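Everything numeric in this text was worked out from a predicted model, so none of it was measured.
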Amino acid sequence: VPVGGHFTIGPAEADAVAEKLDAKIVIPMHYKTKALDFPIATVDEYLKGKSNIENHSVFEVDVEKLPTERKIIVLKHMK
């Protein structure tokens with residue numbers, strides 16, 4: 001789900017979409033990194049106050065079984 005705002009939806013709207021879809025896995029995308037100078041929010045702004053977060057140092061993950069509670073998976077971003 002996009003979380004950076006400005007060009008896409010921001011953190012609050014991303015939460016609303018995940019809730020409406022009853023998403024079991026949320027993978028944030030389109031957020032500010034050191035490689036970008038766009039006026040968008042960082043992934044940390046989206047993650048504030050959230051739990052059940054997994055940070056990965058890879059670009060993709062395999063999901064064999066959906067979790068029972070919503071999980072946020074942060075993948076390594078492209079440089």
Please walk me through it: do Arg70 and Asp22 pass side chain to side chain contact (heavy atoms under 4.5 Å, CB included)? CA-CA 8 Å; Arg70 182 167 299 135; Asp22 192 25; 4.1 Å; yes
Among Val26, Ile27, Asp44, Asn55, which residue satisfies the side chain to side chain contact (heavy atoms under 4.5 Å, CB included) criterion with Val74? Asn55
How close do Ala14 and Tyr46 get, counting heavy atoms only, and between which atoms? CB-CE1, 3.9 Å
Which atom pair, heavy atoms only, marks the closest approach of Pro2 to Ile9? O-CG1, 3.3 Å
Can you tell me how far OG1 of Thr42 sits from CD of Glu45, rounded to the nearest 0.5 angstrom? 4.0 Å
Same cluster or not: Val61 versus Ile25, using hydrophobic residues (I, L, V, M, F, W, Y) connected whenever any side-chain heavy atoms lie under 4.5 Å apart? yes
So if you build clusters from Ile, Leu, Val, Met, Phe, Trp, Tyr with side-chain heavy-atom gaps below 4.5 Å, do Ile72 and Leu21 land together? yes
Counting C-beta onward and ignoring hydrogens, is there a side-chain heavy-atom pair between Ile73 and Glu54 closer than 4.5 Å? yes
Do His56 and Leu75 pass the side chain to side chain contact (heavy atoms under 4.5 Å, CB included) test, and can you show the C-alpha distance, the side-chain angles, and the key distance before you say yes or no? CA-CA 5 Å; His56 291 262; Leu75 299 176; 4.2 Å; yes
Please report the closest heavy-atom contact between Lys71 and Pro67, naming both atoms and the distance. CB-CG, 4.0 Å
Just list the side-chain donor-acceptor pairs under 3.5 Å for residues 31-39, sequence neighbours left out, or say none.
{"residue": "Lys32", "atom": "NZ", "partner": "Leu36", "partner atom": "O", "Å": "3.2"}
{"residue": "Lys32", "atom": "NZ", "partner": "Phe38", "partner atom": "O", "Å": "3.1"}
{"residue": "Thr33", "atom": "OG1", "partner": "Ala35", "partner atom": "N", "Å": "3.3"}

Transitively linked via ILVMFWY side-chain contacts under 4.5 Å: Val43 with Met29? no
